[in-house]
Amino acid sequence: MNFAIDHLGIAVKSLAAAKAIYETLGLSVSPEETVEHEQVRLVMVPVGESRLELLEATSENSTIARFIAKRGEGLHHVCIKVPDLCAAIERLKKNGVRLVSEEIKTGAGGHQYVFVHPSSTGGVLLELVQA
Ligand code: CO
């Protein structure tokens, strides 16, 4: 398994409204899933070998709610699939890269992930997931 763009995360005010355009295009949209610890509800839209992740806040304290309040709807993060997540984290830490949290978390579909802070990536919130 090589590196790949796993998905692009997009912060939206309304999942129903946001997913409609993709359905209109003829893409199929996954059932809604809630990730309690991130306070988000999401759907995945497979596009070729990658996916769009549409994210709606389930509470005002959600990072997605705060992102939208500050910057409006739009691209929230880029997610890269890595062959070995633990090794990737070790390598980044050794090189002084700032992670949002060093703890590996479990997200939608049960995948393991961490976020790399935008201050280390040229302004883009970078999610890394285990392949
Ligand atoms: Co994501």
Side-chain angles (χ1 to χ4, degrees):
M1 180 66 218
N2 291 315
F3 293 89
I5 298 278
D6 186 79
H7 63 267
L8 304 176
I10 301 170
V12 302
K13 287 181 184 165
S14 160
L15 268 191
K19 70 185 187 184
I21 178 152
Y22 301 105
E23 289 169 336
T24 303
L25 278 171
L27 292 162
S28 51
V29 174
S30 78
E32 288 183 16
E33 192 175 338
T34 299
V35 182
E36 297 292 349
H37 68 88
E38 297 282 9
Q39 298 177 301
V40 293
R41 186 161 35 237
L42 64 93
V43 295
M44 286 290 188
V45 186
V47 186
E49 294 184 354
S50 190
R51 299 177 292 172
L52 300 179
E53 179 182 56
L54 306 179
L55 298 154
E56 177 191 82
T58 57
S59 114
E60 284 177 9
N61 302 319
S62 163
T63 46
I64 293 302
R66 286 188 271 125
F67 177 89
I68 290 175
K70 207 167 143 192
R71 304 168 71 164
E73 293 181 291
L75 185 64
H76 178 259
H77 64 272
V78 171
C79 179
I80 295 177
K81 192 185 290 179
V82 300
D84 184 340
L85 185 57
C86 289
I89 292 169
E90 274 312 300
R91 228 174 296 145
L92 293 176
K93 275 162 53 180
K94 231 179 257 175
N95 284 279
V97 172
R98 184 171 165 207
L99 302 175
V100 173
S101 156
E102 291 187 9
E103 179 199 349
I104 295 178
K105 294 182 181 168
T106 303
H111 74 268
Q112 307 283 100
Y113 70 94
V114 293
F115 279 102
V116 181
H117 198 275
S119 61
S120 288
T121 59
V124 175
L125 180 61
L126 180 65
E127 180 179 9
L128 299 177
V129 293
Q130 173 69 50

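Ligands are counted one by one from 1 in listed order, and the atoms in each one are counted from 1 as well. Everything numeric here is computed off the predicted structure, so don't read it as measured data.
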To make sure I understand the geometry: which N, O or S atom in E127 is closest to the Co ion (ligand 1)?
OE1
Flag C79 as yes if one of its N/O/S atoms falls below 2.8 Å of the Co ion (ligand 1), otherwise no.
no
Pairing residues for Y113 by the ring pair (Phe, Tyr, Trp, His ring centres under 6.0 Å) criterion, not counting sequence neighbours:
H111, F115
Between H7 (side chain) and I80 (backbone), is there a donor-acceptor pair under 3.5 Å?
no
In E53, what N, O or S atom is nearest to the Co ion (ligand 1), if we give its atom name?
OE1
Do K93 and E102 sit within salt-bridge range, that is, some charged N less than 4.0 Å from a carboxylate O?
yes
When you check the gap from the basic side-chain N to the acidic O, do K19 and E32 get nearer than 4.0 Å?
yes
Within less than 2.8 Å of the Co ion (ligand 1), any N, O or S from H76?
no
The Co ion (ligand 1) has as its nearest N, O or S atom from H77 the atom NE2
Would the number of heavy atoms belonging to other residues, nucleotides or ligands and lying under 6.0 Å from CD1 of I21 be above 12?
no
N, O or S from D6 under 2.8 Å to the Co ion (ligand 1)
no
